[in-house]
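The block underneath contains the structure these notes are about, expressed in structure tokens.
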There are 2 protein chains.
Amino acid sequence: MTGRRSAPLVGSLGAQVRGELLSVVRRRHQAAPGELIIEQGRPATALAMIEEGWAMRFRDLDSGCRQIMDFVLPGDFCDPCVLIAERSDFSVAAITGLTYSLIEQAELLELIRRVPHIALALWWDEAAEADRLRSHLAAVGRTNARERIAQLLIELYFRLQAIHQTIDHRFAFPLTQEMIADATGLTAVHVNRVLCRMEREGLIRRDRRALALTDFVRLQEIAHAPMALLPGRLLRQAR
Amino acid sequence: MTGRRSAPLVGSLGAQVRGELLSVVRRRHQAAPGELIIEQGRPATALAMIEEGWAMRFRDLDSGCRQIMDFVLPGDFCDPCVLIAERSDFSVAAITGLTYSLIEQAELLELIRRVPHIALALWWDEAAEADRLRSHLAAVGRTNARERIAQLLIELYFRLQAIHQTIDHRFAFPLTQEMIADATGLTAVHVNRVLCRMEREGLIRRDRRALALTDFVRLQEIAHAPMALLPGRLLRQAR
DNA sequence: CGTCGCCTTGAATCATGTCAACTACAGTGG
DNA sequence: CCACTGTAGTTGACATGATTCAAGGCGACG
């Protein structure tokens, strides 16, 4: 024990753990936009980690439409539950061109035997995703289109900022309006109306696959964003 | 290793692990309806497991309304993320009178040192909750009021059946229509209309705090329930 | 230069929300 | 035992946010 009774007891080492994982990866994989990385219902066999590009976690409903759960950004695991779940209950597809690495289950378990912390990092990731899911659910269930979209944009901003993919309040933005609709539980047409209005009001600016949050403060008010969001908000840090 | 390469590698022992946990519990706690067990934003200090009664996991939004994430039934952990999260990002409140047990963090870690499987059981629970959250999100984002409510009722039915709290398709039902509304992202008034119509159509019957799913097959069709849901659906079982 | 995916816009419609009143109990205290 | 009070459920009339359908624009790409 560390001596301090209230010392953080478990936690993620973040970048360090990711490095450890990458050290056992033989080869990187590529995926073209639209390609499926993980398919709903298929047995879970390997851990996938995004290195470059955006992906989305989603589920197809039998009514033909789909719900996007969240977006998977560089450094995120596609399926932190790979050791727990028998088969995946969601799909993951590339949005942009993608570079990712796969670690087979057997390899992963071997690695965990040497570095138990890695299991915690996965658990951590799972918990962070659950947190995001709860925020997302609250947004879809209890706020209107404008608030939901503002919330999504701000969440993406914070996550991208954490991996240094923003300049000021601007970042590359590969999502179609239909994807935003599938994530927020709206129709593409309505998403369009809301985005256009936001632009007219000077809240955002869009050009050439990029997005700028030109009035970040007001956007945060609209989103009711309580404060700096996910990256490291609620999670115990080791050391 | 077990010999079979595809053998389940990790997993939950379910009831056995729960028994193990209960063996270290000194005293049971009680809570009256409405009482808070876990409060959003407070440091996470102990693992809570429901023994009797229903609770709900929810979040208050600053617009004053709330979103219920899911319901916590006997045998469920309130906060499987207690070892991972610095502070809780949701609240848990008693719906009925409640009996639950608390296991302090230090105690829990000690127990895990002796029985590492317990950590997996918690992780498992976390993953099961994430799965439920994804289904819930898809329902709220992409289905109408009738489908959502049917889905909720059927999910509760399956979970209660798994713990032997159903007789035929009937079970004690302590939720108010406002709670159903807060869970499904609707208003209490609209929930009322939908429930009344379901009753008129012979899908359900309500009386004295109990609910009967009188036309289970049709209800399942409405809910698009793909098949037997959560309990043990996607999860590796040890042995 | 035609095609295709994505974005944009308008008009009509629909699902759900809002407001408001009223009923039915269960609990409480006199 | 009754009068009060409060919570939950029910119902109607009306308002509105979001969807649907439909048409057209615009840029990328073969």
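The analysis underlying the following values was restricted to heavy atoms, covering all of them including side chains, and did not include hydrogens, waters or symmetry mates. Throughout, a chain's letter reflects where its sequence line sits, starting with A, and its residues are numbered from 1. Note that this is a predicted model, so its numbers are computed, not measured.
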Whole Å only: how far is the CG atom of B:Asp207 from the P atom of D:dT10? 12 Å

Distance in angstrom units between A:Ile204 CD1 and C:dC7 P, rounded: 12 Å

Over the length of the helix from C:dC1-D:dG30 to C:dG30-D:dC1, how much do the five-pair end axes diverge, rounded to 10 degrees? 40°

To the nearest Å, how far apart are B:Met179 CE and D:dT7 P? 13 Å

May I ask you to test the A:Ser135-A:Glu155 pair for a side-chain heavy-atom distance under 4.5 Å? no

Let me know the distance between CG of B:Leu211 and C1' of D:dG9, rounded to the nearest Å. 15 Å

Heavy-atom contacts under 4.0 Å between residues 183-196 of chain A and DNA chain D, which residues? A:Gly185, A:Leu186, A:Thr187, A:Val189, A:His190, A:Arg193

Between B:Met179 and B:Arg66, is there a side-chain heavy-atom distance shorter than 4.5 Å? yes

Can you tell me how far P of C:dG17 sits from CD1 of B:Ile180, to the nearest Å? 14 Å

DNA chain C: 5'-proximal contact among A:Arg142 and A:Arg209 (nearest heavy atom): A:Arg209

A:Glu178 atom CD is separated from D:dT19 atom P, nearest whole Å, by 13 Å

Spacing of B:Asn144 atom CG relative to D:dG17 atom C1', expressed in whole Å: 16 Å

Just call it for A:Arg206: base, sugar-phosphate, or nothing, with non-hydrogen atoms closer than 4.0 Å on any strand. sugar-phosphate

Specify whether A:Phe216 and A:Phe158 have parallel, tilted or perpendicular ring planes, treating 30° as the upper limit for parallel and 60° as the lower limit for perpendicular. perpendicular

Can you confirm whether A:Leu36 sits close enough to A:Arg42 that some side-chain heavy atom of one is under 4.5 Å from a side-chain heavy atom of the other? no

Taken to the nearest whole Å, CD/A:Gln177 to C1'/C:dT8 is 8 Å

Test side chain to side chain contact (heavy atoms under 4.5 Å, CB included) applied to B:Leu211 and B:Asp207, B:Leu213, B:Thr214, the passing residue: B:Leu213

